[in-house]
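A short write-up of the structure that comes next.
As the structure lists them, so they are numbered: ligands from 1, and atoms in each ligand from 1. These numbers come from a predicted model, not from an experiment.
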Amino acid sequence: MSDKAKIYAEGLSRLVQIPTVTGVDRKSFAAFRKELAAQFPGVYSACEVIMPGGEESDAIMFKWKGRSSSRPLVLMAHQDVVPAEGKWKYPPFSGTVADGKVWGRGSMDCKNTLYCTIRSVEELIGEGFTPEQDVYLCYSDNEETSGHGATYCRDWLTAHGVKPAVAIDEGGAIVQEAFPGMTKPFAMVGIIEKGYCDVKFVARSKGGHSSSPPKNTPFARLARFVDYCERHTVFKPRMTPAALAMLKGLSSGLTGVLAFVTKHADFFKPVIVKVLPKLTPFGAALLGTTMTFTMAQGSGAPNVIPQEASMTANLRFAPGDDSKLCLEKLRTIAARFDIETHPMECREASPMVDVESADFKYFVDTVLRVFPDCGAAPYLIFGGTDCRTMQTITPCAIRCTPCKLDPQQLAAMHAADENIDVSSVVGGVNFFKTYLKGYK
Ligand SMILES: [Zn+2]
């Protein structure tokens, strides 16, 4: 490991060691700030340090003054992490550095993003560099619980008349197998997020003792409904502009028939829409609104028929699918099974970044320059990020941290054995330094 790699490994490890578990206690966030101040003295002396939520929040921002304020740049990440459950190879908050990796909760979601961005600014300050434009580092404290940290940052910017030209947040990464049959790693550059809704389906009855059960108990109806949803295409898949941009972008990393079909994805639209969702769950998620049942509740005892039983589903709306219409459709189907539909938290898909814009192209060009062995493609994000908040004040909200991740590392997101290669952190810092130097 080079000296630089050792410093990065140690630095990220120390951030991972502070258990900033989302929504648990605020002490760890205070400790986290102390650690940032210790590791990044250049940032703390050259930048304005801002707590945009005051006493209310642990979100933190840094303003690095540039030569101009005409095209502000926002670099985002979140300080919080999800709880660490299950059996881990190394204790989740040990930040163990072993096998060329940093291990622990947050190492790739997304203290790596936070580290790479703030470290790149620290190094550039040390080199005497002044950015062409104002740069804001915005680190929320509750992304994992869809909290208000990012809102505080956005509102501070708005209140101070700052209209970011570009915002970059977590989202995509550089992955080995973005699509079956890929010949090289690809940076998946997030341009849009799917919408989101949790829906509770409730079936009622008069209850009673389980020793003389009537027909059509709440769980029987719920089971029929769930089975119906799984066996039918409730939400029609279709080719959205985002899916089209992604498939075309991936074509250069494919060979043979797959390369040809994805390159001409507009021509092959009908075939792709028909076949891809049947081939993989990924295809179904790429081309349509998805729904999966995640929770169930019945009576309080094994021998009591529930008066009220429920199952909760999680929906991810495809861009262009109106949440109200989707929910109306579900309500109609559920009613046929004598089931009520109660939507809970709900949001639409985000707007899409213009992939022909100069700002998007500059991001992609920088990725290809820093990682010449990789490709880059637009990416439709199935999950959610803080960037949807920032998106309301910027035309270009890019969701990607160009760090290389292997399939095990991707699968470890929100699971056990989360880790990142030290070399990926080195690549990430290189990327952001190059990006910042060339951003005008
Ligand atoms: Zn994250």
### Message
For N/O/S atoms only: which one belongs to Glu170 and is nearest the Zn ion (ligand 1)?
### Response
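The Glu170 atom nearest to the Zn ion (ligand 1), restricting to N, O or S, is OE1.
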### Message
Restricting to N, O or S, what is the name of the atom of Asp109 that lies nearest the Zn ion (ligand 1)?
### Response
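That would be atom OD1.
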### Query
Just wondering, is there an N, O or S atom on His78 that's nearer than 2.8 Å to the Zn ion (ligand 1)?
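An N, O or S atom of His78 is closer than 2.8 Å to the Zn ion (ligand 1), so yes.
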### Task
Provide the full list of side chain to side chain donor-acceptor pair (under 3.5 Å) pairs with a residue in residues 167-186, sequence neighbours left out, each pair given once.
His78-Glu170
#### Entry: Parallel, tilted or perpendicular: ring planes of Phe62 versus Tyr44, cut at 30 and 60 degrees
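The arrangement is perpendicular - the two ring planes meet at more than 60°.
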### Query
So, Thr117 versus Tyr139: side-chain donor-acceptor pair below 3.5 Å or not?
yes
### Message
For residues 186-196, which residue pairs pass the salt bridge (charged side-chain N to carboxylate O under 4.0 Å, His left out) check, not counting sequence neighbours?
### Response
Glu193-Arg388, Glu193-Arg399
